[in-house]
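Below, chain A is the first sequence line, B the second, and so on; all start at residue 1. Being a predicted model, the structure only gives us computed values, none of them experimental.
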2 protein chains.
Amino acid sequence: MAALDRSLISRLPLFQGMAPEEQSEILRSARSSRYAKDSTIFEQETEAHSFFVLIAGHIRVVRTTPDGQQVIARYISEGEIFGVAAALGRTTYPASAIAAVDCVVLAWPNALWPELARRFPVFGATTYRTVGNRLQETQTRVVEMSTEQVEQRVAHALLRLANQTGRKTESGVEIDFPISRQDIAEMTGTTLHTVSRLLSKWEESGIIVSGRQKVTVKDAHRLVVLSESRTKG
Amino acid sequence: MAALDRSLISRLPLFQGMAPEEQSEILRSARSSRYAKDSTIFEQETEAHSFFVLIAGHIRVVRTTPDGQQVIARYISEGEIFGVAAALGRTTYPASAIAAVDCVVLAWPNALWPELARRFPVFGATTYRTVGNRLQETQTRVVEMSTEQVEQRVAHALLRLANQTGRKTESGVEIDFPISRQDIAEMTGTTLHTVSRLLSKWEESGIIVSGRQKVTVKDAHRLVVLSESRTKG
DNA sequence: GGGAGAATTTGCGCTGGCGCAAACTCGGGG
DNA sequence: CCCCGAGTTTGCGCCAGCGCAAATTCTCCC
């Protein structure tokens, strides 16, 4: 296989603060793969063999319950590290990672983690900062699910998606990967029916426009208002 | 102040695998404090100055929403490390830590984290493993809140408390710190009223006995059954 | 030992959002 | 270009669990 080009990663925040030759070196032990839409990068509960950086595309991280219900843990965007079980001393993946669109991914064998973290402290520190962010986000999600109504949770989820992965178009901010009502339901702990009703209502009042597997936020401000109002208690 | 005795920590899993002189050395930079019941060890959103190990007692970690609602993120038991913002590159605490009973705590200044993690790799690795466990637990909680009914969530919470901090008595497994209906509600995303009704029902059928700020699990098996049955979908 | 405040219990009415079912629409493959 | 199936919309009935309120019981402090 051909050597990977440093330009793949030099622009990513994760590798900022590393010298060019360090970037090249880290790449030397990486393997690059393409994953077609809907294919699985790794599966929940299976032996964790590698950790990953997403070079292009979007990835859905999904937890499945014993009885088959799915919950979307998060979406991974370009430049993010994921599948970092190794860095946290786990031996299996706690969730599955599925390509939401065609993706390009770099992978390193887990066995290399200790060495890489030691040789490139910035890389290790950035990874742990990412883990910290995710822990905090996940806790925020617990708080939201404990204290907010469904309408606010869905509004929050859309705002987060628009901010993190939104693409500006002439008509608003469009979430730039296919996302179904069912997906939004699995992010917010509700049903696709309720999501559909909410989106219909919001579309009617001009806050969003949406189509099949597509949502565009037209009036983020009013969505913020919705996400904050009418708290329980 | 007097030097801390190595016996404080030598029995804790967090410090296993460290040589006695290493344990002594790590203790040399620690400060020991007592916290009375209901006092605050650190407060959400404030500058993170230290990380901690709980030597004795129980600590409640609480997230408060902008409008004042509280959610219990987790309980810390003896021997656990907590307030590890430093290890995750954060500068403020994402939650408050409050003594559920009188506590003894060791604290290290955050500035020492990088050095300690470098000098004592086992210590760093154990900490990151703990963080990994918490991330996974928190995600499990999201899944539960998304897919389970209140009754199952409360059953799960009681089982977890009984396993993690339970004390065997002649009548069952007693949660060995004061915990109110309100606390359980804040752990499970419901109201103290609903928790009270559930506990009354379970007491009537002999699954638990409970009193003011006290719960004893008598029949864990039936509680497991309750925690698994009647899932949505 | 008594009083006050905190924690708990319980009743009652209401409603947000789910479950079910059916119709509809869009987009891509043949 | 048409058809098929996945994705979406919408109606309807129902009920788990919340909000409110009041009564009751501990427990700790004076």
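- Residue A:Ser200 places its side chain closer to D:dT9 than to any other of D:dT9, C:dC18, C:dG17.
- Whole-Å rounding puts the B:Leu198 CG to C:dT10 C1' distance at 13 Å.
- By the side-chain hydrogen bond (donor to acceptor under 3.5 Å, both in side chains) test, A:Arg63 pairs with B:Thr140, sequence neighbours left out.
- Contacts of B:Arg222 classified as side-chain hydrogen bond (donor to acceptor under 3.5 Å, both in side chains), with partners at least two apart in sequence or in another chain: B:Asp219.
- Proximity of a side-chain donor or acceptor of B:Glu203 to a complementary backbone N or O of B:Ser210 within less than 3.5 Å is detected.
- Considering only heavy atoms from C-beta on, A:Leu12 comes within 4.5 Å of A:Ile55 through its side chain.
- The side-chain hydrogen bond (donor to acceptor under 3.5 Å, both in side chains) check on A:Arg134 picks up A:Glu80, with sequence neighbours excluded.
- The side-chain contact (heavy atoms from CB on, under 4.5 Å) test applied to A:Ser200 returns A:Ser196, not counting sequence neighbours.
- As a whole-Å value, the separation of A:Gln149 CD from C:dG17 C1' is 10 Å.
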Could you write out each protein N or O paired with an N or O of nucleotides 2-6 of chain D at a distance under 3.5 Å?
unit_1	atom_1	unit_2	atom_2	d
D:dA6	N3	A:Arg212	NH2	3.2

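- Across the protein-nucleic acid pair, A:Leu199 atom CG and D:dT9 atom P stand 7 Å apart, rounded to whole Å.
- Of all the residues in residues 179-188 of chain A, A:Ser180, A:Arg181 reach under 4.0 Å from DNA chain D with at least one non-hydrogen atom.
- At a cut-off of 3.5 angstrom, the base of C:dT10 holds at least one donor-acceptor pair with the side chain of B:His193.
- Judged as a salt bridge (charged side-chain N to carboxylate O under 4.0 Å, His left out), the pairs with a partner in residues 168-186 of chain B (not counting sequence neighbours) are, in order, B:Arg167-B:Glu174.
- Distance CD (B:Glu148) to C1' (C:dG17): 18 Å, rounded to an integer number of Å.
- Nearest-nucleotide mapping onto DNA chain D: of B:Val195 and A:Gly211, the residue sitting toward the 5' end is A:Gly211.
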With a 3.5 Å cut-off and sequence neighbours excluded, list the donor-acceptor pairs that the side chains of residues 157-166 of chain A form with protein atoms.
unit_1	atom_1	unit_2	atom_2	d
A:Arg160	NH2	A:Glu144	OE1	3.1
A:Arg160	NH2	A:Glu144	OE2	2.5
A:Asn163	ND2	A:Leu159	O	3.3
A:Thr165	OG1	A:Leu161	O	3.1

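- In this entry the distance linking CE of A:Met145 with P of C:dG17 reads 11 Å, nearest Å.
- A donor-acceptor contact under 3.5 Å is formed by the side chain of B:Arg197 with the base of C:dG11.
- The CG atom of B:Asp38 sits 13 Å away from the P atom of D:dC28 (whole-angstrom rounding).
- Checked against side-chain hydrogen bond (donor to acceptor under 3.5 Å, both in side chains), A:Ser171 has the following partners two or more places apart in sequence or in another chain: A:Thr169.
- Note on A:Ser196: a base of the nucleic acid sits closer than 4.0 angstrom, heavy atoms only.
- Atom CG in A:Leu192 sits roughly 11 Å away from atom C1' in C:dG19 (whole-Å rounding).
- Residue-to-nucleotide proximity on DNA chain C shows that, of A:Thr191 and B:Lys214, the 5′-proximal contact is made by B:Lys214.
- For residues 185-229 of chain A, the set of pairs meeting the ring-ring contact (aromatic ring centres under 6.0 Å, His included) definition, not counting sequence neighbours, is empty.
- In this structure, the side chain of A:Arg141 engages the main chain of A:Met187 through a donor-acceptor pair within 3.5 Å.
- Within the structure, every pair that satisfies the ring-ring contact (aromatic ring centres under 6.0 Å, His included) test and touches residues 61-88 of chain B, not counting sequence neighbours, is listed here: B:Phe52-B:Phe82, B:Tyr75-B:Phe177.
- Going from atom CD1 of B:Ile208 over to atom C1' of C:dT8 covers 13 Å, rounded to whole Å.
- Overall, the helix from C:dG1-D:dC30 to C:dG30-D:dC1 carries an axis bend of 40° between its ends, with five pairs at each end and the value rounded to 10°.
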